[in-house]
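Down below is the structure, laid out as structure tokens.
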Amino acid sequence: MITKQKITIYLKYQNIDNFARCANAKEKNILSDKDWGLIENLIQDIHLLKNNMVSKEMRDEIENKIKEYTEDENGLIEKLINIKF
């Protein structure tokens with residue numbers, strides 16, 4: 001399950017290599033490789049949504065995931081939306 005804490009760690013590094021080299025043990029225990037992949041998939045979904053490349057059903061699904069994962073914190077949502085893909 002993706003959490004606000006995991007997304008915050010992801011945003012700190014934004015690159016799996018940086019994370020592997022620079023993250024401390026606590027951060028690595030919190031954010032697994034699988035979690036990293038799920039967050040990257042979410043970011044890809046956000047970009048598809050922003051560019052109107054998804055169906056209404058997919059839009060709803062992505063929006064629900066965003067709210068769930070970010071615990072509906074607007075600042076965190078904006079940071080995810082603004083990541084360059």
Spacing of CD belonging to E73 relative to CD belonging to E78, to within rounding of 0.5 Å: 11.5 Å
- request: Go through the steps to decide whether I2 and E68 satisfy the test side-chain contact (heavy atoms from CB on, under 4.5 Å), and finish with yes or no.
  value: CA-CA 8 Å; I2 301 303; E68 177 186 346; over 6 Å; no
query: Would a 4.5 Å heavy-atom cut-off, applied to side chains only, mark D45 and M58 as touching?
result: yes
message: Checking K50 now: which residues fulfil salt bridge (charged side-chain N to carboxylate O under 4.0 Å, His left out) with it, not counting sequence neighbours?
response: none
- prompt: Roughly how far, to the nearest 0.5 Å, is the OG1 atom of T70 from the CD1 atom of I7?
  reply: 6.0 Å
field: Aromatic ring pairing F19/Y13, orientation class (parallel under 30°, perpendicular over 60°, tilted between)
entry: perpendicular
task: For side-chain contact (heavy atoms from CB on, under 4.5 Å), just list the numbers for L11 and L76, CA-CA rounded to whole Å, side-chain angles, deciding distance to a tenth of an Å, and then say yes or no.
output: CA-CA 9 Å; L11 290 169; L76 202 53; 3.4 Å; yes
message: So which atom in L49 and which in V54 form the shortest heavy-atom distance, rounded to 0.1 Å?
response: CA-CG2, 4.1 Å
message: Does Y10 form a side-chain contact (heavy atoms from CB on, under 4.5 Å) with I43? I'd like the steps, not just the answer.
response: CA-CA 11 Å; Y10 176 91; I43 292 167; 3.3 Å; yes
field: Closest contact, heavy atoms only, I16 versus W36
entry: N-CZ2, 3.3 Å
message: Could you tell me if the side chain of E57 sits less than 4.5 Å from the side chain of D60, heavy atoms only?
response: no
- request: Check whether any side-chain heavy atom of D17 sits under 4.5 Å from a side-chain heavy atom of R21, and report yes or no.
  value: yes
query: Any donor and acceptor pair, going by atom type alone, linking the side chain of N24 with main-chain N or O of K26 inside 3.5 Å?
result: yes
message: When you compare the side chain of L31 with that of I39, does any pair of heavy atoms fall below 4.5 Å?
response: yes
query: Are side-chain heavy atoms of K79 and I83 found at a separation under 4.5 Å?
result: no
task: For the residue pair K6 and T3, establish whether any side-chain heavy-atom pair is separated by less than 4.5 Å.
output: yes
pair I30-I9: side-chain heavy atoms closer than 4.5 Å: yes
task: With rounding to the nearest 0.5 Å, note down the distance linking CG in L42 to NE2 in H47.
output: 10.0 Å
field: Atom NZ of K67: over 12 foreign heavy atoms under 6.0 Å
entry: no
